[in-house]
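Contents: one structure, followed by commentary.
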Amino acid sequence: MNKESRKIVVVGGVAAGASFAARVRRLDENAKVTIIEKGPDVSFANCGLPYYIGGEITDRNDLAVQTPESLKGLLNLDVRTNTEAIEIDSVEKRVKLRSLDGEVEWLCYDAMMLSPGAAPIRPPLPGIEDERVLILRNLQDMDRIKENVAEGKKAVVIGAGFIGLEMAEQLHRQGMSVTIVELQEQVLPQLDPELALLMQSELEQKGIKLHLGDGIAGFRGAQAGITCDLASGISCEADIAILSIGVRPETRLASEAGIKLGPRGHIIVDEFQRSSADGIYAAGDAVETADRIIGGSTAVPLGGPANRQGRVAADHLIMGNKARPYPGSMGTAIVRVFDVAAGLTGLTERCLSQSGKPYVVTIVNDNHHAGYYPGAKMLAMKVLWEPDTMKILGAQVTGLEGVDKRLDVMATAIAGGLTMEDLCHLELSYAPPFGSAKDIINLCGFTATNQRDNLVSAVHSLPQDNNVQLVDVRPKPLFDVYHPDGAINIPFPTLRCRLDELDRSRPVTTICALGKMSYFAARILQQAGFNVTSYSGGIRGSIDPRTPVKQPFN
């Protein structure tokens, strides 16, 4: 094929499509690149939309990363907005386009990038078409929501995932009364339940009303507002409802062209983002790629993977065998809601249980920097790892400071093939304002190797068996503030001389604030002949997760 005559069509001009087009231009100055975008905007920062609604981003133009004019000037790209691709003829290599005014034409291509993204799910519920039931996908959706935001108004957010929580926070910032409805029994269903508790507490403390374990059944409009009817029979009155219950890949065009789709409707691609149709690549929220951790396929609707997939496809199109394949996705994601951040990378316990893959759980709580330095705040970290190899399978972090730092370290560790044992000796930056001499990452490694070496038997929930002796080794003042029912208080410094107070014929579970002293206590009891387990992670969150623990034995 004559390089000068290469015609490349990009369907969808946001994350993956824009990244693909820009990379193609840098590699091939002579290619004719045309971007087809159904909406009026290209290359906009969709992850920033909630923050404009809430006023943290004040200039709408900041969200328009590029415009058709700027892309023409910078990269010599032909951008056609308000134009929809309605049919692909993969044999003749042409695509039928329809403009906003109804004009139809065929456009030929030598190669195509399909990056149509994913659309918010709108189930066929009664009243779903009411104009006060809003979604957030693009700048126009953002503007519609912004027009309805005012202090004193009420909003119901349906769905407590990342976008739902961001919207709840931002609407609250604007003085609205906010109610969240979530079908699962927890907020942030992407995380395992215990790692979502701090976020739930933060929402409740800020006055957000939660209806968990309940779903939306329909909407009833009235002149003054809208009524959201829940499956439980409860009704919530609001001025607007924000629907945020997930996304569905926009793959009708691909399906009708005979391109192979996965079981959930995503475009199947190889390691270079090639679809089953000759010359057609695909990337972004509409595709499924390899699961980087346990193999198989996964779909990760996030901006980071979409951009990298677009780059891989462009490299392969222009450079061929010199291109590096896309290694797969891990689903690294983070959200901030008020003062709490939470995120994950890799697989959760729920995913691993469903896959049948064996795993071990390690949970550690600690301060985000040295406890003696002012401002130390709580971090909770859960890591899942393979029992035979200690390979890291996934991690979740939540807290008030330093969450992103630890999450990025764990994502890098997984990508680099590190094990839990490797975490013990990671050299991480340390000064009192930034971290600890033994960072929580190191502590996770220490704890995991203790589990592997049978130095401790960890439990992740307090036993309900009355035969188990609960031994709380915190100082008495902390014990008096809060302790589990039936717990015996034996402060750690006195444990060795008070062993006779315990019944050696009954099992023991040791507990403390963070999990460290309960481990020390378990070691003493195990070597004294007791059948003992240690409550992993401690009970600090049950006391007050926002108050740094300064006592020396916690």
Side-chain angles (χ1 to χ4, degrees), residues 192 194-195 198 341-346 349 359-373 375-386 390-414 418-460 473-474 492 510-523 533-541 545 548-554:
D192 290 328
E194 63 269 42
L195 268 290
L198 180 59
L344 74 162
T345 183
E349 187 169 2
Y359 63 91
V360 181
V361 177
T362 294
I363 298 176
V364 175
N365 289 327
D366 200 21
N367 292 316
H368 86 289
H369 63 49
Y372 59 82
Y373 186 84
K377 296 178 180 177
M378 189 203 79
L379 276 174
M381 194 166 173
K382 177 177 182 177
V383 186
L384 305 158
W385 47 279
E386 202 170 52
M390 298 198 82
K391 173 186 174 183
I392 304 168
L393 301 173
Q396 300 165 56
V397 190
T398 186
L400 297 114
E401 293 285 348
V403 171
D404 55 337
K405 171 182 175 179
R406 275 69 184 198
L407 196 61
D408 287 344
V409 170
M410 293 306 296
T412 304
I414 293 173
L418 301 188
T419 67
M420 294 299 290
E421 192 163 46
D422 292 324
L423 298 186
C424 297
H425 299 292
L426 280 188
E427 292 190 30
L428 304 172
S429 58
Y430 163 57
F434 302 103
S436 301
K438 291 183 287 188
D439 190 84
I440 191 171
I441 299 260
N442 303 126
L443 295 180
C444 281
F446 298 154
T447 302
T449 54
N450 287 338
Q451 291 173 264
R452 177 202 62 188
D453 297 336
N454 296 318
L455 295 178
V456 63
S457 177
V459 294
H460 307 297
V473 298
R474 294 174 299 148
F492 180 78
T510 56
I511 55 179
C512 69
L514 298 178
K516 181 169 67 174
M517 298 311 297
S518 66
Y519 161 66
F520 294 161
R523 291 298 303 145
T533 56
S534 173
Y535 181 44
S536 176
I539 58 171
R540 176 178 175 177
V549 177
K550 298 179 181 179
Q551 286 80 2
F553 297 111
N554 287 280

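All values reported here derive from a predicted model rather than from experimental measurement.
The NZ atom of Lys438 sits 14.0 Å away from atom CG of Leu428, with the distance rounded to the nearest 0.5 Å. Atom-to-atom distance recorded for Leu393:CG and Thr345:OG1 is 11.5 Å, nearest 0.5 angstrom. A distance of 8.0 Å separates CG in Leu379 from CG in Asn367, rounded to the nearest 0.5 Å. For the atom pair CH2 (Trp385) and CG (Leu423), the distance works out to 11.0 Å, reported to the nearest 0.5 Å. Distance check, rounded to the nearest 0.5 Å: CE of Met410 to CG of Leu418 gives 8.5 Å. Rounded to the nearest 0.5 Å, atoms CD1 (Ile440) and NE2 (His369) are 13.5 Å apart.
In this structure the side chain of Ile441 reaches within 4.5 angstrom of the side chain of Met381, judged on heavy atoms. For the pair Met378/Leu198, a side-chain contact is recorded, criterion being any heavy-atom separation below 4.5 Å from C-beta on. When side chains are defined from C-beta on, Thr449 counts as touching Cys424, because their heavy atoms get closer than 4.5 Å. Residues Leu384 and Val360 fail the side-chain proximity criterion, which asks for heavy atoms closer than 4.5 Å.
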Intermediate values then yes/no, side-chain contact (heavy atoms from CB on, under 4.5 Å), Arg452 and Glu421: CA-CA 10 Å; Arg452 177 202 62 188; Glu421 192 163 46; 3.1 Å; yes
Derivation and outcome, salt bridge (charged side-chain N to carboxylate O under 4.0 Å, His left out), residues Lys516 and Asp366: CA-CA 9 Å; Lys516 181 169 67 174; Asp366 200 21; over 6 Å; no
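Minimum heavy-atom separation, Ala521 to Val473: CB-CG1, 3.7 Å. Annotation for Ser536 and His460: closest pair CB-ND1, 3.3 Å, computed over non-hydrogen atoms. Smallest separation of non-hydrogen atoms from Val403 and Thr398: CG2-C, 3.7 Å. The two residues Ile392 and Val383 come nearest to each other via the heavy atoms CG2-CG1, 3.9 Å. Here the shortest heavy-atom pairing between Phe434 and Lys405 reads O-NZ, 3.6 Å. Between Ile363 and Glu194 the shortest heavy-atom distance is CD1-OE2, 3.8 Å.
The number of heavy-atom neighbours closer than 6.0 Å to CZ of Phe446, taken from other residues, nucleotides and ligands shown, is above 12.
Scored by the side chain to side chain donor-acceptor pair (under 3.5 Å) test, Tyr373 finds no partners at all (sequence neighbours excluded). Partners of Asp404 by side chain to side chain donor-acceptor pair (under 3.5 Å), not counting sequence neighbours: none found. For Asp192, the side chain to side chain donor-acceptor pair (under 3.5 Å) partners at least two apart in sequence or on another chain are Lys382, Gln396. Checked against side chain to side chain contact (heavy atoms under 4.5 Å, CB included), Thr447 has the following partners two or more places apart in sequence or in another chain: Thr362, Val364, Gln451. Residues satisfying the side chain to side chain contact (heavy atoms under 4.5 Å, CB included) criterion with Ser518, sequence neighbours excluded, are Thr510, Cys512, Ser534. By the side chain to side chain donor-acceptor pair (under 3.5 Å) test, Asn450 pairs with Tyr519, sequence neighbours left out.
For the pair Arg406 (side chain) and His368 (backbone), a donor-acceptor distance under 3.5 Å is present.
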